[in-house]
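Input: a single structure, listed below in structure tokens.
What you see is a predicted model, and the numbers here were worked out from it, not measured in a lab.
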Amino acid sequence: MSVTSATGHIVESDDLRHRVAPGVKTRDSLFWTLVLPDERIAAQVYVWTDGRGVAGRQVCVYFPDRERNVVLGAFNVELGDASELDDWHCAGLYLRQPDPLRTAEIVFAGDEVSIDYRFEASHRPFSYRENPAGCPPWMAANRFEQAGRASGTLRIGERVIPFADVWAHRDHSWGRRHWSAVQHWKWLAAGTPSGAELNAMFHIARGELGVNGYVLRGGEPVAIVDSRHHATYDRDMGQESLEAELTDAHGGTTHLWMRRYAILHLPVGSDTLMSEAACQVTIDGEAGAGQFETLWPRGYLKRLVDAQ
């Protein structure tokens, strides 16, 4: 798999830390999602490190009964400037990337939750700079998205769930994120057994609409250039479903349908709420799995709920 021939935006070192001059604010953030509709469960792993090597990690597992959701976070872990993301330990989580941009191995062993799996990329990483408007500067200096297949084991309490060759997704962004600049976003990732895969991000920032992401065409990620989409929500404004028609740079269209079976709410800072929905999906009619994430300012979200 060539990772640079199509765009040149992403190179193997982009799977590692992006170091900056002392005093410059930056953060590398890496995310992996595992959605298992047949098991009615989903998990995600999120790790981050700043320019000084101060890091954190979050491991989440969520269910149709949200009272059972598990969020295990560790913050302000001093790993030092020499720490690197190809062989990285943080508060009980071990990340190894033996083949950058292609393979990742994640191991976490906790009292409530254990996860041990290997991610194998199914295509080159897609840079948000490949979209017509590029990567929004409020979001990151750059960001890439990549689908693949995962095999391993997830344990929750006494329940052990082995999985093999299932759709999975990951991303990596770096730079500084200006959370106060964005008013709303919908981030989507989905895949099917035959290899249909996509990522889309619809956002409103500073009053401007934007779209990023790709659809896979013949094994190559092709930039999304336009979309029509509509979401439904429950009484608490938790996302329930989404239907979208995505137009890509080759002139093709892709129809996506998503229906939530589990949701997880994650407050960020003092005024932001991110919600993660594990979904059953169809891509052009083929059934698969996916994740539908939303971001809202919490004050605005409260007004929406109160107005119902």
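The CD1 atom of I156 sits 3.0 Å away from atom CD1 of I41, with the distance rounded to the nearest 0.5 Å. Taking OH of Y233 as the reference point, atom CD of Q239 lies at 7.0 Å (rounded to 0.5 Å). Note that the OH atom of Y261 and the CG atom of D38 stand 8.5 Å from one another [nearest 0.5 Å]. To the nearest 0.5 Å, the span separating NZ on K186 from OG on S275 amounts to 12.0 Å. Once rounded to the nearest 0.5 Å, the distance linking OG1 of T103 with CD of E120 reads 3.5 Å. Taken to the nearest 0.5 Å, the CE atom of M237 stands 5.0 Å off from the CG atom of L304.
E220 is not listed as a side-chain neighbour of Y214, based on a closest heavy-atom distance of 4.5 Å or more. No side-chain heavy atom of T26 sits less than 4.5 Å from a side-chain heavy atom of R176. Side-chain contact check for L256 versus L242: some heavy-atom pair is nearer than 4.5 Å.
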Which is it for V47 and W88 under the side-chain contact (heavy atoms from CB on, under 4.5 Å) test, yes or no, and what are the steps along the way?
CA-CA 10 Å; V47 305; W88 194 79; 3.7 Å; yes
Evaluation steps, side-chain hydrogen bond (donor to acceptor under 3.5 Å, both in side chains), between W185 and E293:
CA-CA 8 Å; W185 77 43; E293 173 187 275; 2.9 Å; yes
side-chain contact (heavy atoms from CB on, under 4.5 Å) assessment of D81 paired with R17
CA-CA 10 Å; D81 187 59; R17 287 177 59 192; 3.6 Å; yes
Would you check, one step at a time, whether the test salt bridge (Lys or Arg N to Asp or Glu O under 4.0 Å) holds for R102 with E12?
CA-CA 9 Å; R102 297 172 180 84; E12 288 190 352; 2.9 Å; yes
Under the side-chain contact (heavy atoms from CB on, under 4.5 Å) rule, what do L95 and L93 come out as? Steps first, then yes or no, please.
CA-CA 7 Å; L95 165 64; L93 185 141; 4.2 Å; yes
Stepwise, does the side-chain contact (heavy atoms from CB on, under 4.5 Å) test hold for V182 with W138?
CA-CA 8 Å; V182 61; W138 56 262; 3.8 Å; yes
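Side-chain atoms of T192 do not come within 3.5 Å of backbone N or O of G288 as any donor-acceptor pair. Between the side chain of H184 and the main chain of L295, a donor-acceptor pair closer than 3.5 Å is present. The backbone N or O of L101 sits less than 3.5 Å from a side-chain atom of D15, completing a donor-acceptor pair. Using a distance-only test at 3.5 Å, with no hydrogens or angles considered, no donor-acceptor pair links the side chain of R124 to the main chain of Q146. Distance alone, capped at 3.5 Å, places no donor-acceptor pair between the R260 side chain and the P64 backbone. Of the possible polar contacts, one joining the R177 side chain to the M139 backbone as a donor-acceptor pair under 3.5 Å is found. At least one donor-acceptor pair closer than 3.5 Å links the side chain of R149 to the backbone N or O of D165. Side chain of N69 to main chain of I263: a donor-acceptor pair is present (N/O by atom type, distance under 3.5 Å, no hydrogens or angles). Under a 3.5 Å cut-off, the side chain of R298 and the backbone N or O of P267 do not form any donor-acceptor pair. For D234 (side chain) and D236 (main-chain N/O), a donor-acceptor pair under 3.5 Å exists by modelled atom type.
Clustering ILVMFWY residues whenever any of their side-chain heavy atoms sit less than 4.5 angstrom apart, transitively, puts V107 in a cluster other than the one holding L85. Cluster membership for V71 and V59, using ILVMFWY side-chain heavy atoms within less than 4.5 angstrom, is not shared.
Side-chain contact of N212 with H203: a donor-acceptor pair under 3.5 Å is present, judged by distance alone. D248 and T254 share no donor-acceptor pair across their side chains, judged by distance under 3.5 Å alone. Side chain to side chain, R259 and Q280 fail the donor-acceptor criterion of an N or O pair below 3.5 Å.
Atom CZ of R206 is surrounded by 12 or fewer heavy atoms from other residues, nucleotides or ligands within 6.0 Å. Environment of CG in D111: sparse, with no more than 12 heavy atoms of neighbouring residues, nucleotides or ligands closer than 6.0 Å. More than 12 heavy atoms of other residues, nucleotides or ligands lie within 6.0 Å of CZ in R159, so this atom counts as buried by the packing criterion. Environment of CZ in R217: crowded, with over 12 heavy atoms of neighbouring residues, nucleotides or ligands closer than 6.0 Å. Other residues, nucleotides and ligands contribute at most 12 non-hydrogen atoms within 6.0 Å of the CD atom of E208.
In this pair, Y300 and W296 present their aromatic rings tilted. The plane angle is within the 30 to 60° band. Using cut-offs of 30° and 60° on the angle between ring planes, the pair W187 and H169 is perpendicular. The aromatic rings of H172 and F144 lie tilted to each other, with the angle between the two planes from 30° to 60°. Ring geometry for Y128 versus F126: interplanar angle over 60°, hence perpendicular rather than tilted (30 to 60°). Ring-plane geometry between H89 and Y94 is classed as parallel, the angle between the planes falling under 30 degrees on a 0 to 90 degree scale with a further cut at 60.
Side-chain heavy-atom separations under 4.5 angstrom define the hydrophobic clusters, and the remaining members of the one that includes I204 are L209. Summarising the hydrophobic clusters (Ile, Leu, Val, Met, Phe, Trp, Tyr; side-chain heavy atoms under 4.5 Å, direct or chained), the residues clustered with V225 are none.
Between W167 and Q291, the shortest heavy-atom contact is CH2-N, 4.5 Å. Nearest heavy atom pair, residue A147 against residue H123, reads N-NE2, 3.0 Å. Shown here for F202 and S227, the closest heavy-atom pair between the two residues is CE2-OG, 3.2 Å. The two residues F292 and S241 come nearest to each other via the heavy atoms CE2-O, 3.7 Å. The minimum heavy-atom distance linking E286 with A196 is given by the pair OE1-CB, 4.5 Å. Across E276 and L266, no two heavy atoms sit closer than the pair CG-CD1, 4.2 Å.
The side-chain contact (heavy atoms from CB on, under 4.5 Å) test with H255 singles out one residue from D284, L246, I283, and that residue is D284.
In this structure E84 satisfies the salt bridge (Lys or Arg N to Asp or Glu O under 4.0 Å) test together with R19, sequence neighbours excluded.
Under 4.0 Å is where a charged nitrogen must lie from a carboxylate oxygen, and between E243 and R228 no such pair does.
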